[in-house]
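Inspection log for the structure reproduced underneath, given as structure tokens.
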Amino acid sequence: MIAISLPRLTSRIDALARFGALPGGGVTRFCWSPAHEQARAWLLGEMRAAGLETWVDPAGNVFGADGIRAWVPETPAVVTGSHIDTVPEGGVLDGALGVLAGLECLEVIRETKTRHRRPLVVAAWSDEEGRYGSLFGSRAFCGLLDAARIDEMAAVDGTRLVDAMAGAGFDAHRAAEAKAPAGAVASYVELHIEQGPRLEEAGVPIGVVEAIVGVRRSRVIFVGQADHAGTTPMPRRRDAFLAAADYALRVREHVVTRGSDVSVTNFGVVRVHPGASNIVPGRAELMHEMRDPDAGVLERLAGECAALAREVARAHRLEAEIQPVSATTPAQCSPRVQATIQKVCDTLGLAHQRLYSAAGHDAQNLARVVDAGMIFIPSQGGRSHRVDEMSDPAAIERGANALLHTLLVLADAADA
Ligand code: HGY
Ligand code: MN
Ligand code: MN
């Protein structure tokens, strides 16, 4: 039974981690940044050295293929992959594992001359973390990109997508041309770290993902009145930050008590204006995120939070505005792909359990157009989106071998 080379896979994980490496460990590698573009060039070199055909589409998605030179509807491909962009001060496995394990699988399949009826492709999707717009590259590939919004897409620091892509040599207004021809993809399976504690706490080496949460992001703005922080009597202040803080605490309580038992919410970005210690904040902006595997629950919570914002604004005698920023749709993974992963795990003697993904992934876009699934491996301490994100080498090897044999079955390989 063919198997991946763990030393080769871990050496590539270490090599990729050098692009955007932080002095204390971890990595910051924003999509379209110089570190990301150097990583893209390195990845293309590794794919070519492994004997794969490579191409990059107008949305910046990178592909390495065994059996095709471009998408061909007459020969639908089995696709794997993930992303090489990261969050700020992120870990070295989020995304990177799926891309490099996919590359390792295709390299082993070529080295062992294992014949497969369907072509195999490994992808690195652009801006999965959504610095400019969530799951950008896979949305474009699946024909789900709203091209009319390209000009307004921007990072929280104000950098516009159009400018970031131009800096990397891409025309953002052509991104929608990345839409794959109908029928070009037969199925998709992505290997990813769980980024949470469940598999490790259950002592189970493989997660078979059943569903992926939807993520709703909104900018919530409170506008009060800037005033002198010393001379303005407390009862007269219309302090935008205190209103925002009140809103955040009330929303958290609401989502925990009125959401589903798996609804979560977060306020990861807070901006106060003018932002001086001796000025009462006249304006406060929150980036508010909510997640749930059920679209209806997310919809209901969004309406209830808007009503809460109006109530808080009244109580603090100021104005509130909610600007939707992005919303990804919860996805069900393909029963066929899940069953294939489970059967492969049984053959490999790997215990497995089904679970939903509390993180968003490119697979949730692919799941809207083809049979798609995900394989999870445990995260040490459930840690992710932090520099000490890590998984055991043995867990990485088990996950990559489960991916290898799942790809062989889906690609109808000779000895699958
Ligand atoms: O935020 C997420 O769920 C994923 O890591 N992009
Ligand atoms: Mn990820
Ligand atoms: Mn992530």
Side-chain angles (χ1 to χ4, degrees), residues 13 16-17 20 26-31 33 36 39 43 61-62 80-102 122-139 155-156 188-199 207 209 211-218 262-269 287-293 298 325-331 333 355-367 372-380 382-391 396 399 403:
I13 290 171
L16 180 54
V27 61
T28 296
R29 192 168 56 236
F30 297 144
C31 199
S33 67
H36 181 277
L43 177 63
N61 298 314
V62 175
T80 186
S82 194
H83 58 95
I84 62 170
D85 66 288
T86 75
V87 292
E89 301 180 28
V92 300
L93 292 177
D94 178 359
L97 174 67
V99 173
L100 298 179
V122 54
W125 306 110
S126 299
D127 199 15
E128 186 278 346
E129 297 293 357
R131 177 169 171 76
Y132 299 94
S134 58
L135 307 176
F136 178 76
S138 57
R139 240 186 316 151
V156 286
Y188 177 77
V189 57
E190 177 171 351
L191 175 65
H192 207 286
I193 51 175
E194 180 204 333
Q195 300 181 285
R198 291 170 289 170
L199 289 175
V209 177
I212 304 170
V213 292
V215 183
R216 270 184 99 103
R217 286 184 188 146
S218 304
V262 292
S263 301
V264 294
T265 191
N266 187 52
F267 293 89
V269 182
M287 190 58 85
H288 176 209
E289 188 181 280
M290 286 189 286
R291 302 176 182 225
D292 197 282
L298 278 177
V325 172
S326 67
T328 59
T329 311
C333 291
L355 75 176
Y356 80 95
S357 172
H361 295 287
D362 293 303
Q364 72 194 97
N365 283 329
L366 275 294
M374 293 190 79
I375 300 169
F376 274 177
I377 64 167
S379 293
Q380 286 175 357
R383 295 189 299 271
S384 183
H385 281 191
R386 45 189 279 191
V387 294
D388 58 351
E389 169 189 282
M390 192 39 69
S391 294
I396 290 173
L403 178 69

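Whatever order the structure lists ligands and atoms in, that order sets their numbers, starting from 1.
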Just wondering, do R386 and E89 contact through their side chains at under 4.5 Å, heavy atoms?
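No - every pair of side-chain heavy atoms lies 4.5 Å or more apart.
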Donor-acceptor contact present, side-chain T328 to main-chain V215, <3.5 Å:
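Judged by distance alone, yes, a pair lies under 3.5 Å.
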Short N/O/S contact of E129 with the Mn ion (ligand 3) (below 2.8 Å):
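So E129 does bind the Mn ion (ligand 3) by this criterion.
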Will you find, in the side chains of D94 and H385, an N or O donor that is under 3.5 Å from an N or O acceptor?
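Judged by distance alone, the side chains do pair up.
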For residues S82 and E190, is any side-chain donor paired with an opposing acceptor at under 3.5 Å?
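Yes - a donor-acceptor pair under 3.5 Å links their side chains.
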Counting heavy atoms only, which of E128, R291, H385, H361 is nearest atom 3 (O) of ligand 1?
R291
Proximity winner for atom 4 (C) of ligand 1, if only heavy atoms of G360, G90, G268, S134 are counted:
G360
Contact (N/O only, under 3.5 Å) between E129 and ligand 1
yes
Would A358 count as being in polar contact with ligand 1, using the rule that some N or O on each side must be under 3.5 angstrom apart?
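N/O-N/O distance under 3.5 Å: no.
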Apex the Mn ion (ligand 3) - arms NE2 from H385 and OD2 from D94 - angle rounded to 10°:
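NE2 of H385, the Mn ion (ligand 3) and OD2 of D94 span an angle of about 90°.
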Determine the sole option in H192, E389, E194 for which the side chain to side chain donor-acceptor pair (under 3.5 Å) test with S384 is passed.
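Single pass found, and it is E389.
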Pair F136 and H83, ring centroids less than 6.0 Å apart:
no
Which of the atoms of ligand 1 are close to A359, meaning less than 4.0 Å from one of its heavy atoms?
3 (O)
Hey, which atoms in ligand 1 end up nearer than 4.0 Å to a heavy atom of Q195?
5 (O)
Should the pair R383-D388 be classified as a salt bridge under the 4.0 Å nitrogen-to-oxygen rule?
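Result for this pair is yes, salt bridge flagged.
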Minimum-distance N/O/S atom that H192 presents toward the Mn ion (ligand 2)
NE2
